[in-house]
2 protein chains.
Amino acid sequence: MSETDLPSPPWDRNRRRPAPAKVPLTRDRIVDAAYTVLDREGYDRFSMRQVALELGVAVSALYVHVANKDELFELMYNRTFVGEELPDPDPENWQEQIKEFARRGRARLRQHRDLARISMAHIPFTPELLPHVERLMAIFRSSGMPDLVAAMAGDLLSTYIEGFCLEESMWLERYRDMDEETWETKRTEIMNYFAELPPDRFPNMVAMAPYMVDESNDYRFELGVDILVRGLASYIPAR
Amino acid sequence: MSETDLPSPPWDRNRRRPAPAKVPLTRDRIVDAAYTVLDREGYDRFSMRQVALELGVAVSALYVHVANKDELFELMYNRTFVGEELPDPDPENWQEQIKEFARRGRARLRQHRDLARISMAHIPFTPELLPHVERLMAIFRSSGMPDLVAAMAGDLLSTYIEGFCLEESMWLERYRDMDEETWETKRTEIMNYFAELPPDRFPNMVAMAPYMVDESNDYRFELGVDILVRGLASYIPAR
DNA sequence: GAACTCAGTGAACACTGTTCTAGCATGAAC
DNA sequence: GTTCATGCTAGAACAGTGTTCACTGAGTTC
């Protein structure tokens with residue numbers, strides 16, 4: 001920081017302008033800053049002005065590189081899965097390969113705050129993701145399931161992953177600024193709510209209450225993937 | 001419409017005020033208007049001012065009945081499934097009962113533009129929905145699957161329904177203001193895109209291309225539900 | 001050294017959600 | 001039948017939003 005960072009006095013505005021940034025603005029730098037802002041502010045408070053502020057740049061400068069806010073979100077979404085590698089299809093082991101794919105997908109979506117929300121709002125058909133989808137399809141087809149089912153399987157699985165992460169993040173967001181203690185209070189509140197429902201009108205809810213709050217998200221996610229994989233497996237014709 | 005609907009001249013503003021609406025403003029009327037605005041403008045252009053305009057009322061009047069925009073969305077969401085009835089559990093027929101539940105859920109979410117988006121953004125745990133969830137759980141448990149699986153099944157199924165409808169509505173939204181002809185052009189464009197991928201690098205995509213565009217959404221939805229139900233059924237211990 | 005290109009600027013536009021003060025019309029109280 | 005309180009509603013205002021625009025000024029090309 002030098003004294004040239006100070007704002008120039010008004011009578012001087014038309015003579016001296018701040019020197020342009022040494023580092024030129026690029027799409028990549030904008031996306032970097034956008035992630036920083038997203039993590040700090042969350043989806044609802046994310047704004048182009050915040051991104052510009054983060055970069056120390058005028059808002060309008062962003063629009064030279066990015067068409068609009070939506071395109072910026074798309075760029076962020078596209079980066080979500082870069083570098084992710086899928087293994088070569090192993091027909092004996094396709095179920096575990098798919099489960100691992102799901103786990104890594106969830107991990108990626110948890111890397112940034114509210115990323116699941118952005119992801120859910122975009123159709124995953126960009127050129128950047130094509131090789132990824134290709135390898136996923138390879139694994140499904142290697143299992144021997146009909147092509148029609150394999151085509152559906154990709155959609156089904158990514159809908160599940162994104163949907164699960166979205167719900168997860170909404171709970172996280174709701175209790176974001178709570179300390180451990182109030183969170184524990186809230187937890188027992190929810191538990192009590194289900195436990196104290198009239199058992200004659202809600203016998204099933206009361207019976208299932210423990211499973212709804214006790215189980216960890218990790219376990220629930222795993223169970224969901226297993227149900228999906230079993231359903232897919234049921235379509236593989238016996239040899 | 002009478003001449004009293006004309007705006008009063010400025011010099012008269014402090015004497016004559018427009019008579020208050022004969023029909024008092026209620027939450028229900030606001031939600032009605034909100035749905036009208038949503039259908040006309042879509043989620044992105046939905047605003048409190050538009051709702052007020054629709055009712056012929058000042059914006060601030062809305063805030064007497066509704067805490068904020070988010071609560072209004074919640075009210076809209078809560079209304080989505082009112083009146084929907086689930087049958088008594090029939091253990092021999094639980095699979096068809098669940099499928100019917102899914103179909104009706106999709107139909108409801110398609111009743112209003114962008115409703116899937118609102119639905120996805122809300123956690124379905126409101127008092128209004130409790131009896132609904134209770135009956136759904138009753139059906140799952142009647143099948144004989146473990147309680148842990150049944151608890152997961154509800155989440156899994158509604159995630160699928162909402163996710164499917166969301167993706168469906170995004171495609172719909174994207175091609176909303178296209179006529180039949182340009183839509184058909186776009187369709188073949190997509191088809192060609194997949195067909196013209198280099199077959200050595202994308203053998204699976206090329207092979208699956210027909211299934212990705214040809215199948216109707218209805219059929220795809222049905223297939224997805226069937227995969228889910230089969231996965232759930234695999235957890236039922238043999239008698 | 002002059003001409004040109006173009007990323008970046010600040011101001012502006014047309015909106016948004018939300019809050020505030022203040023006034024109207026209705027019901028109850030006397 | 002007048003007064004009072006109360007609940008709804010209006011209008012203006014605040015602080016913010018995405019996006020556009022004419023205009024700089026540094027760097028490159030001729």
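By convention in this document, chain letters (A, B, ...) are assigned in the order of the sequence lines, proteins followed by strands, and residues within each chain are numbered from 1. Keep in mind it's a predicted model, so treat the numbers as computed, not measured.
- Protein atom CZ of B/F73 is 12 Å distant from nucleotide atom C1' of C/dT16, rounded to whole Å.
- Between A/H122 and A/Y77, the ring-plane angle classifies as parallel under the 30° and 60° cut-offs.
- The nucleotide whose nearest atom lies closest to any side-chain atom of A/A61 is, among D/dG18, D/dT20, C/dG8, C/dG8.
- When distances run from any side-chain atom of B/K69 to the nucleotides D/dT9, C/dG10, C/dT16, the shortest one goes to C/dT16.
- Rounded to whole angstrom, the span from the CD1 atom of A/I30 across to the C1' atom of C/dG8 amounts to 11 Å.
- Closest to the side chain of A/R49, from the set D/dT19, D/dA10, C/dT9, is D/dT19.
- Across D/dT9, D/dT20, C/dG8, the shortest atom-to-atom separation from the side chain of A/Y63 is found for D/dT20.
- A sub-4.0 Å separation between OP1 or OP2 of D/dT9 and a side-chain N or O of B/H65 is present.
- Under a 4.0 Å N-O distance rule, the pair B/R113/B/E173 qualifies as a salt bridge.
- The two residues B/F140 and B/G154 have their closest heavy-atom pair at CE1-N, 3.8 Å.
- We find that B/E128 and B/R79 are not joined by a salt bridge, their nearest charged nitrogen and carboxylate oxygen being 4.0 Å or further apart.
- Across the protein-nucleic acid pair, B/E41 atom CD and C/dG17 atom P stand 12 Å apart, rounded to whole Å.
- Atom-to-atom, CG of A/L62 to C1' of C/dG10 comes out at 14 Å; the value is rounded to the nearest Å.
- Set against C/dT16, C/dT9, D/dG11, the side chain of B/S47 has C/dT16 as its closest nucleotide.
- Distances from the side chain of B/V59 to the nucleotides C/dT19, D/dT9, C/dT18 place C/dT18 closest.
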